[in-house]
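For reference, the structure discussed in these notes is given below.
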Amino acid sequence: MFIDFQASYKFTDPLTMLLQVNNLTDKPTQNYFGTKQRTGTTEYFGRQFYFGFTYSH
C-alpha cells in the first residue's frame with residue numbers, strides 16, 4: 001500500500017506554497033505472477049519530495 005501526502009498554503013491571493021511527498025511509507029512496488037508466492041518484479045523508488053511556489057497575477 002502506498003501513502004502520498006500533499007498540502008498547500010495560500011499566503012496571499014497570487015502566492016501559494018505546495019508540499020508533496022510520494023510513497024510516504026517507503027514501500028517497494030511489487031508485481032506478481034498470479035499469487036504473492038510468485039513475485040515478478042520488485043522496484044525501489046524511495047520517497048520523493050516536491051516543494052514549490054506558484055505566483056499568478
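Numbers here simply count residues along the sequence, with the first being 1. Bear in mind the structure is a predicted one, so any value in this text is a computation, not a measurement.
- Not counting sequence neighbours, the partners of Thr35 by the side chain to side chain contact (heavy atoms under 4.5 Å, CB included) test are Gln37, Arg38.
- Residues Asn22 and Gln20 have side chains that bring a donor and an acceptor to within less than 3.5 angstrom of each other.
- Nearest approach of Asn23 to Arg47, heavy atoms of both residues: O-CG, 3.1 Å.
- The heavy-atom pair separating Pro14 from Ser56 by the smallest distance is CB-O, 2.8 Å.
- The OG1 atom of Thr54 lies 7.0 Å from the CG atom of Leu15; values are rounded to the nearest 0.5 Å.
- A continuous path of ILVMFWY side-chain contacts below 4.5 Å connects Tyr55 to Phe11, so both sit in one hydrophobic cluster.
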Practice problem: Could you check Phe5 against Leu19 for side chain to side chain contact (heavy atoms under 4.5 Å, CB included), going step by step and ending with a plain yes or no? | Solution: CA-CA 8 Å; Phe5 172 80; Leu19 171 64; 4.2 Å; yes

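- Between His57 atom NE2 and Asp13 atom CG the span is 12.5 Å, to the nearest 0.5 Å.
- Separation of atoms NZ (Lys27) and OG1 (Thr42) is listed at 12.5 Å; rounding is to 0.5 Å.
- In the hydrophobic clustering of ILVMFWY residues, with side-chain heavy atoms under 4.5 Å counting as a link, Phe2 and Leu24 come out apart.
- Here CD of Gln48 is found 10.5 Å from CG of Asp26. Values are rounded to the nearest 0.5 Å.
- Between the CD atom in Glu43 and the OG1 atom in Thr29 there is a gap of 6.0 Å [rounded to 0.5 Å].
- For residues 27-52, the set of pairs meeting the ring pair (Phe, Tyr, Trp, His ring centres under 6.0 Å) definition, not counting sequence neighbours, comprises Phe51-Phe53.
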